[in-house]
Amino acid sequence: MLRTHTNGELNITHKGTEVKLCGWIQRSRDLGGMTFVDLRDRYGITQLTFNMEVNANLCEQIRALGRETVIAVSGKVEERSNKNAKMPTGDIEIIVDEIQVLNKAKTPPFTIEDHSDGGDELRMKYRYLDLRRDCVRKNLELRHRIGIETRNYLNDLNFIEIETPFLIKSTPEGARDFIVPSRMNPGEFYALPQSPQSYKQLLMVSGFDRYFQIVRCFRDEDLRADRQPEFTQIDCEMSFVTQEDILDTFEALAIYLFKKIKGITIDKLARMTYADAMKYYGSDKPDTRFGMRFIELTNQVQNHGFSVFDQAELVAGICVEACSEYTRKQLDELTDFVKRPQVGAQGLVYIKCNTDGTYKSSIDKFYSSDQLQSIALTCQAKAGDLILILAGNRNKTQKALGELRLEMGNRLNLRNPNTFSLLWVVDFPLLEWDEDCKRFFAMHHPFTAPKPEDQNMLETDPGKVRANAYDMVINGVEVGGGSIRIHDRELQKRMFKALSFTEEEAQKQFGFLMDAFEYGAPPHGGIAFGFDRLCSLFGGADSIRDFIAFPKNNSGRDVMSDAPSTVSEVQLKELALSLKK
RNA sequence: GGUUCGGUAGUUCAGUUGGUUAGAAUACAUGCCUGUCACGCAUGGGGUCGCGAGUUCGAGUCUCGUCCGGACCGCCA
């Protein structure tokens, strides 16, 4: 046996014990007569002590070893004369009598510490070293615990985990598929699943009325800090349920996880309709940790000669508390912010509600002091507040004001990663009009059930139909989404028709599912949580990358292994593929 | 496909209106040091300033192109 204990467990009660320890040399402190070495493993750090007077040979031996060398030592646990209260093993040290070098290490390109001197790119290239760092390892441990607790919770409710295939049929709806050529079927391709959607619905038809799977999903779209080409979902489906049952079951899961993992008590989740989310926050995933809801001003401000407002479909503002002292420079910064192409506003109007009761605005020329006061009243602005107003096309203005609201939240530190605000956004539209393709697309996916009371509009006014679809939003992050599914072949047919599918196309792509609906499909619905996002949220981070052991970079590359890469002519030939020169 | 920021020592960064030999910290190496725990002190090595072209007497610095990386928009049912 190479080790009797880990480096995190020894304490004063082990005093006098002969132990064997293994690990990596974190750091050594050579004081001349004595040398101290921090030995590290997954569990912690234990100090090894070497004394020139006691064993000069051993001292010389340990001094010759660089950091990250893997060693095994044997020795005796002793009480330290100078204790270190900052570490769990700080009361003891090991008086080493034998060292075995298990493997030498080159000097690592960055320091293996919480505040490493390595940049992101370098850390990703040497990810196996990066993962030795405490803070990164803890993220993966957190991920593990969230996974275990999720399984415990769902298992207790009779959910069973069933694996579904990774090599499946490609469908053109939704995100781009990752495509896998089939050697045995030349010219034909599998796709990697964007989600196990069809399979979990088929499992409902099979009678597995409570299914879940913590499963990898694949989407060939551009990446973001919170988007990877392969990511993990907690994928769930239930039969014989209403939307209410699903919301109850899975908000209880979220509450359970917050309690178990973070020790935080969360009350029942608020519900907000999609329409309200857009109207008050300009986003279908509002960050409700802070207020600053939109106030519509269109009617109030029009017809006073300010053409920007007069021509706007929507004029709306937010009231920023205690910022009337903002300088010209700060306001210019905000104007630049909203004018960035990513935000897309034409300009920014401000009204300062000065503490002396006067008003100063960028539209003084068009509005009297009384009129500014009445706008301030509508916005419920107090003396000392700042009102920021955008105007223009309804959708664009909502979106831009939503971005501005988040920016102000950031500037005013209202987005504390350690406070959590959870809500359901419900009543999403079923369909979304695409101007380029001149057709409707499913906002969620084509199997989402319309609300029964809206079904009759499916043919007459499809854009108005609301869906039995819902998202769980935490701190402005969409952590999960789902819907009640269509389980009736006729309704599914009408849905495909609304999506401009011909019967042949629908049959070719989803015939297996619609066929299944004819053999006794129970009413069902489900939800899928973004597991990586949930982990990053619990870990208080914006990026999901540090919660994934081996993530891809911005351009979808694994910089460590340098995937993707070219393949040999032989491989291409076997797959009956040729590359365009 | 687009916007934007960045690329200088092993690493993280600084580098003024273009101007002598490109700096700091840290890491590394060597020496000294018996209670350190971010040990301390001293000395030393370490640079194709991403790459290419251009402007200039002169480019790390300016211009254009290109490659790489980050954030974002589009995209992500």
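Proteins come first, then strands; the chains are lettered A, B, ... in the order of their sequence lines, and each starts at number 1.
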If you measure only the distance, is there a donor-acceptor pair under 3.5 Å linking the side chains of [X] and [Y]?
{"X": "Thr49(A)", "Y": "Glu93(A)", "result": "yes"}
{"X": "Glu9(A)", "Y": "Thr6(A)", "result": "yes"}
{"X": "Asp287(A)", "Y": "Tyr281(A)", "result": "no"}

Without decimals, in angstroms, what is the distance between [X] [atom1] and [N] [atom2]?
{"X": "Ile112(A)", "N": "U11(B)", "atom1": "CD1", "atom2": "P", "result": "14 Å"}
{"X": "Gln26(A)", "N": "C39(B)", "atom1": "CD", "atom2": "C1'", "result": "15 Å"}
{"X": "Asp134(A)", "N": "A38(B)", "atom1": "CG", "atom2": "C1'", "result": "15 Å"}
{"X": "Glu113(A)", "N": "U11(B)", "atom1": "CD", "atom2": "C1'", "result": "12 Å"}
{"X": "Asp30(A)", "N": "C41(B)", "atom1": "CG", "atom2": "C1'", "result": "13 Å"}
{"X": "Asp284(A)", "N": "C76(B)", "atom1": "CG", "atom2": "C1'", "result": "12 Å"}
{"X": "Asn554(A)", "N": "G70(B)", "atom1": "CG", "atom2": "P", "result": "4 Å"}
{"X": "Leu223(A)", "N": "G74(B)", "atom1": "CG", "atom2": "P", "result": "15 Å"}

Give a yes/no answer on whether the side chain of [X] brings an N or O atom under 4.0 Å of OP1 or OP2 in [N].
{"X": "Arg227(A)", "N": "C75(B)", "result": "no"}
{"X": "Thr35(A)", "N": "U34(B)", "result": "no"}
{"X": "Arg29(A)", "N": "C39(B)", "result": "yes"}
{"X": "Arg224(A)", "N": "C73(B)", "result": "yes"}
{"X": "Lys86(A)", "N": "A38(B)", "result": "yes"}

Worksheet entry | Donor-acceptor contact present, side-chain Gln47(A) to main-chain Asp38(A), <3.5 Å | no
Worksheet item: Has the side chain of Glu60(A) got a donor or acceptor atom that lies under 3.5 Å from a matching backbone atom of Asn57(A)?
Response: no
Looking only at side-chain atoms of [X], point me to the closest of [options].
{"X": "Arg67(A)", "options": "A71(B), A27(B), C39(B)", "result": "A27(B)"}
{"X": "Met34(A)", "options": "G70(B), G35(B), C37(B)", "result": "G35(B)"}
{"X": "Arg545(A)", "options": "G70(B), U34(B), A27(B)", "result": "G70(B)"}
{"X": "Leu31(A)", "options": "G74(B), G35(B), C75(B)", "result": "G35(B)"}
{"X": "Arg80(A)", "options": "C75(B), A71(B), U36(B)", "result": "U36(B)"}
{"X": "Asn553(A)", "options": "G70(B), C73(B), A27(B)", "result": "G70(B)"}

Worksheet item: Aromatic rings Tyr274(A) and Phe428(A): how do their planes relate, parallel, tilted or perpendicular, breaks at 30° and 60°?
Response: tilted
Remember a base hit wins even if backbone is also touched, and classify [X] as base, sugar-phosphate or nothing at under 4.0 Å, heavy atoms.
{"X": "Ser81(A)", "result": "base"}
{"X": "Pro446(A)", "result": "base"}
{"X": "Arg27(A)", "result": "sugar-phosphate"}
{"X": "Lys106(A)", "result": "nothing"}
{"X": "Phe441(A)", "result": "nothing"}

Discussion item. Using side-chain heavy atoms (C-beta onward) and a distance below 4.5 Å, is Ser170(A) in contact with Tyr190(A)?
Written reply: no
Discussion item. Quick check: do Leu129(A) and Ile112(A) have side-chain heavy atoms less than 4.5 Å from each other?
Written reply: yes
Worksheet, complete the sentence: Contacts of Asn84(A) and Glu121(A) projected onto RNA chain B by closest heavy atom; the upstream (5') one is Asn84(A)
Item to complete: Go through residues 39-62 of chain A and report each residue with a non-hydrogen atom lying under 4.0 Å from RNA chain B, sorted by number.
Response: Gln47(A), Asn51(A), Glu53(A)
Worksheet entry | A53(B) to G19(B) separation - P atoms, rounded to the nearest Å | 22 Å
Worksheet item: Do any pairs count as a side-chain hydrogen bond (donor to acceptor under 3.5 Å, both in side chains) and have a residue in residues 220-231 of chain A, sequence neighbours left out, and if so which ones?
Response: Arg176(A)-Glu221(A), Arg216(A)-Glu230(A), Glu230(A)-Lys552(A)
